[in-house]
Chemist: 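Starting off with a structure, shown below.
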Amino acid sequence: MSSLFFTSLLLFFSLVLLPSLNALSHHYYDHTCPNLESIVAREVRLATANDKTVPAALLRMHFHDCFIRGCDGSVLLDSKGKNTAEKDGPPNISLHAFYVIDNAKKAIESTCPGVVSCADILALAARDAVVVSGGPHWEVPKGRKDGRISKASETRQLPAPTFNFSQLQQSFSQRGLSLHDLVALSGGHTLGFAHCSSFQNRIHNFNSSLDVDPSLDPSFAASLRRVCPARNKVKNAGSAMDSSTTVFDNAYYKLLLDGKSIFSSDQSLLSTPKTKALVSKFANEQHLFEKAFVKSMVKMSQIAGAGQEVRLNCRLVR
Ligand code: HEM
Ligand SMILES: *[C@@H]1O[C@H](CO)[C@@H](O)[C@H](O)[C@H]1NC(C)=O
Ligand SMILES: *[C@@H]1O[C@H](CO)[C@@H](O)[C@H](O)[C@H]1NC(C)=O
Ligand SMILES: *[C@@H]1O[C@H](CO)[C@@H](O)[C@H](O)[C@H]1NC(C)=O
């Protein structure tokens, strides 16, 4: 009798109380927008066919969204009146391809108006960006709501490429993410491009006694210095993040072990035995990297925001 009571109590908690805590669900739009996922996937494929830099942009956009105010679509809002939005804040240099989210939103609004949040569209687009790049597919939990606040000043909360290990650990743990998540998610740097300003600390005036970070492979450092001289005048100069920048693979970890990482933050993953062992594991086994990446992406994509609405246009609050 008492075990039945307990089972009912458990059921009550899991069915009635937990969803009200804003739990996300794989089936959130099953009835209200059954074609959602194919619409988003199509827009990501179309855009990528025209511009190979789109997947990297979408993956980074989702990371930025989740690290500021939780995954609430705040990165998608435009500046308005006196408010400068996140996307116009300092580390915006690589944020682009917002039009992909706009196109997906338009297509979704014409099929299932007013029900799908922009934060969910972005989470799906980031997953599809990995898929079109040859990475793993996974189920994205959905049901996020869009926020109404986006402030350029809050981009200071993002981890910087100059961060050392303890700063990275703190930035991730403040968001409920572990060292395992840190190492797995840094593998997102298998896609995309970095501007000179993001790694110049390693190749010029590293510290008062050395010009170049000695953890960098010397010939790799020399090649970075060639594209990014001390007085760099080329506006969009920089480096690919890894040797196969449009392919989602584990090359990032292999290069990292060879002294060919781009950021100090990447390099710092080698500074503790625990994280270094994970880097080696992911360098040796692509499928272990993929498994870990998927798990950590699902976790990151559930960082709770305080959003309450579903925007009609991802750039504007309702
Ligand atoms: C661990 C802390 C992280 C730091 C310090 C960091 C820093 C950066 C920086 C500085 C850039 C280059 C910006 C530029 O120069 O244009 C960049 C690019 C990128 N980051 Fe990260 N990042 C971190 C974590 C992540 C995570 C968790 C993801 C996704 C899972 C991610 C995905 C990307 C991608 C895909 C790009 C390339 C963007 C493009 O080419 O458009 N990063 N990151
Ligand atoms: C990026 O931010 C800087 C500094 O806040 C701003 O001057 C610039 O216009 C922004 N660039 C883009 C492309 O939004
Ligand atoms: C990491 O950087 C912070 C801030 O600059 C500094 O206080 C700390 O001592 C550094 N930690 C290590 C281990 O270098
Ligand atoms: C410069 O960096 C190297 C390598 O990290 C370190 O051994 C050296 O002590 C640093 N020098 C100064 C003056 O901080």
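All ligand and atom numbering here is 1-based and tracks the order in the structure. Note that the numbering runs from 1 along the sequence shown for the chain.
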Chemist: Return yes if a side-chain donor-acceptor contact under 3.5 Å exists between D88 and S79, otherwise no.
Modeler: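 Judged by distance alone, the side chains do pair up.
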Chemist: Extract all N/O-N/O pairs under 3.5 Å that connect ligand 4 to the protein, and present each with both atom names and the distance rounded to 0.1 Å.
Modeler:
unit_1, atom_1, unit_2, atom_2, d
ligand 4, 2 (O), N207, ND2, 2.3
ligand 4, 11 (N), N207, ND2, 3.0
ligand 4, 11 (N), S209, OG, 3.1
ligand 4, 14 (O), N207, ND2, 3.4

Chemist: Mark yes or no for whether R175, through its side chain, and S171, through its backbone, hold a donor-acceptor pair below 3.5 Å.
Modeler: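 A pair under 3.5 Å: yes.
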Chemist: For A194, counting its heavy atoms only, list the atoms of ligand 1 lying under 4.0 Å from any of them.
Modeler: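 Listed by number with element, the hits are 14 (C), 15 (O).
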Chemist: Which ligand 1 atoms, with their elements, are less than 4.0 angstrom from a heavy-atom of G192?
Modeler: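 Listed by number with element: 37 (C), 40 (O).
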Chemist: Tell me which one of K145, R148, R318 satisfies side-chain hydrogen bond (donor to acceptor under 3.5 Å, both in side chains) with E309.
Modeler: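 It is R148; the other options fail the test.
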Chemist: So is R60 polar-close to ligand 1, meaning N/O to N/O under 3.5 Å?
Modeler: yes
Chemist: Show me which atoms of ligand 1 lie under 4.0 Å from any heavy atom of A160.
Modeler: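 In order of numbering, the contacting atoms are 5 (C).
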Chemist: Contact between F193 and ligand 1, counting heavy atoms under 4.0 Å?
Modeler: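 Yes, F193 has a heavy atom closer than 4.0 Å to ligand 1.
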Chemist: Honestly, is K87 close enough over F98, meaning NZ or CZ under 6.0 Å from the six-membered ring centre and within 45° of the axis?
Modeler: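 Geometry flag: set, cation within 6.0 Å and 45°.
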Chemist: Hey, is P159 touching ligand 1 through its side chain, its backbone, both or neither, going by heavy atoms under 4.0 Å?
Modeler: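 For P159, the contact with ligand 1 is made by both the backbone and the side chain.
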Chemist: Need the ligand 1 atom indices (1-based, order shown) with element for anything under 4.0 Å from a heavy-atom of L185.
Modeler: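 Once the distances to L185 are compared, the set is 26 (C), 27 (C), 28 (C), 30 (C).
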Chemist: Please work out, at 4.0 Å between heavy atoms, whether the side chain, the backbone, both, or neither of S197 comes within that distance of ligand 1.
Modeler: neither
Chemist: For ligand 1, which atoms have a heavy atom of H195 less than 4.0 angstrom away?
Modeler: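 It comes down to these atoms of ligand 1: 14 (C), 15 (O), 16 (O).
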Chemist: Which ligand 1 atoms does G188 reach within 4.0 Å, using its non-hydrogen atoms?
Modeler: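 Result: 35 (C).
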Chemist: Aromatic rings F199 and F263: how do their planes relate, parallel, tilted or perpendicular, breaks at 30° and 60°?
Modeler: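 Rings of F199 and F263: tilted, as their planes differ by 30° to 60°.
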Chemist: Answer with yes or no whether I262 contacts ligand 1, where contact means a heavy atom under 4.0 Å from a ligand atom.
Modeler: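 No.
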Chemist: For atom 42 (N) of ligand 1, which candidate among M241, H189, M300 provides the closest heavy atom?
Modeler: H189
Chemist: What part of H62, side chain, backbone, both or neither, has a heavy atom within less than 4.0 angstrom of ligand 1?
Modeler: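 H62 to ligand 1: no contact under 4.0 Å from either part.
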Chemist: Side chains of S268 and S271: donor-acceptor distance under 3.5 Å anywhere?
Modeler: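 Judged by distance alone, the side chains do not pair up.
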Chemist: For the pair S150 (side chain) and E86 (backbone), establish whether a donor and an acceptor sit closer than 3.5 Å, ignoring hydrogens and angles.
Modeler: yes
Chemist: How about Y29 and D120: does a side-chain donor come under 3.5 Å of a side-chain acceptor?
Modeler: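 Looking only at side-chain atoms, D120 and Y29 do form a donor-acceptor pair, the distance falling under 3.5 Å.
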Chemist: Can you confirm, on distance only, whether ligand 1 has an N/O atom lying under 3.5 Å from any N/O atom belonging to S186?
Modeler: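 Among all N and O atoms of S186, none is under 3.5 Å from an N or O of ligand 1.
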Chemist: Check each atom of ligand 3 against the heavy atoms of S166 and keep those under 4.0 Å away; list them by number with element.
Modeler: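 By the 4.0 Å cutoff, the relevant atoms are 1 (C), 11 (N).
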Chemist: With a 4.0 Å heavy-atom cut-off (strictly under), which part of F172 contacts ligand 1: side chain, backbone, both or neither?
Modeler: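 The answer is the side chain.
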Chemist: Distance-only, no hydrogens or angles: does the Q167 side chain make a donor-acceptor pair with backbone N or O of N164 under 3.5 Å?
Modeler: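 Here the side-chain-to-backbone pair exists.
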Chemist: So, applying side-chain hydrogen bond (donor to acceptor under 3.5 Å, both in side chains) with T190, which one of T245, N250, D249 is it?
Modeler: D249
Chemist: Does the side chain of T111 pick up a donor-acceptor pair with the side chain of N35 at under 3.5 Å?
Modeler: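 Note: T111 and N35 side chains miss the donor-acceptor criterion.
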Chemist: Quick check: does any side chain N or O of D146 sit under 3.5 Å from a backbone N or O of R311, one acting as donor and the other as acceptor?
Modeler: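 A pair under 3.5 Å: yes.
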Chemist: Does the residue L191 have a heavy-atom contact with ligand 1, meaning some pair of atoms that are separated by less than 4.0 Å?
Modeler: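 Yes; L191 lies near enough to ligand 1 that a heavy-atom distance drops under 4.0 Å.
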Chemist: Given that the side chain starts at C-beta and the backbone is N, CA, C, O, which of these parts of L182 lies under 4.0 Å from ligand 1, counting heavy atoms, or is it both or neither?
Modeler: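 Side chain only.
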Chemist: Please could you name the atoms of ligand 1 that S265 approaches to less than 4.0 Å, counting only its heavy atoms?
Modeler: 5 (C)
Chemist: Using the benzene-type ring in the case of Trp, are the ring centres of F289 and Y252 under 6.0 Å apart?
Modeler: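 No; Y252 has its ring centre 6.0 Å or more from that of F289.
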Chemist: I want to confirm something. Looking only at heavy atoms, which of S171, S198, A97 is nearest to atom 15 (O) of ligand 1?
Modeler: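 Among S171, S198, A97, the closest heavy atom to atom 15 (O) of ligand 1 belongs to S198.
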Chemist: Is the backbone of K151 close enough, under 3.5 Å, to the side chain of R69 for a donor and an acceptor to pair up by distance?
Modeler: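 Judged by distance alone, no pair lies under 3.5 Å.
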Chemist: Does R42 use its side chain to pair, donor to acceptor, with the backbone of I39 at less than 3.5 Å?
Modeler: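 A pair under 3.5 Å: no.
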Chemist: Can you sort out which atoms of ligand 1 are near H96, meaning under 4.0 Å from one of its heavy atoms?
Modeler: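 So the answer, numbered in order with elements, is 41 (O).
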Chemist: Which of these, F263, F163, F63, has its nearest heavy atom closest to atom 11 (C) of ligand 1?
Modeler: F263
Chemist: Any side-chain to backbone donor/acceptor pair from D65 onto S74? Under 3.5 Å, distance only.
Modeler: yes
Chemist: I need the contact type for P161 against ligand 1. Using non-hydrogen atoms and a strict under-4.0 Å cut-off, is it side chain, backbone, both or neither?
Modeler: both
Chemist: Quick one: ring pair (Phe, Tyr, Trp, His ring centres under 6.0 Å) pairs with a partner in residues 297-318, sequence neighbours left out?
Modeler: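 Qualifying pairs: none.
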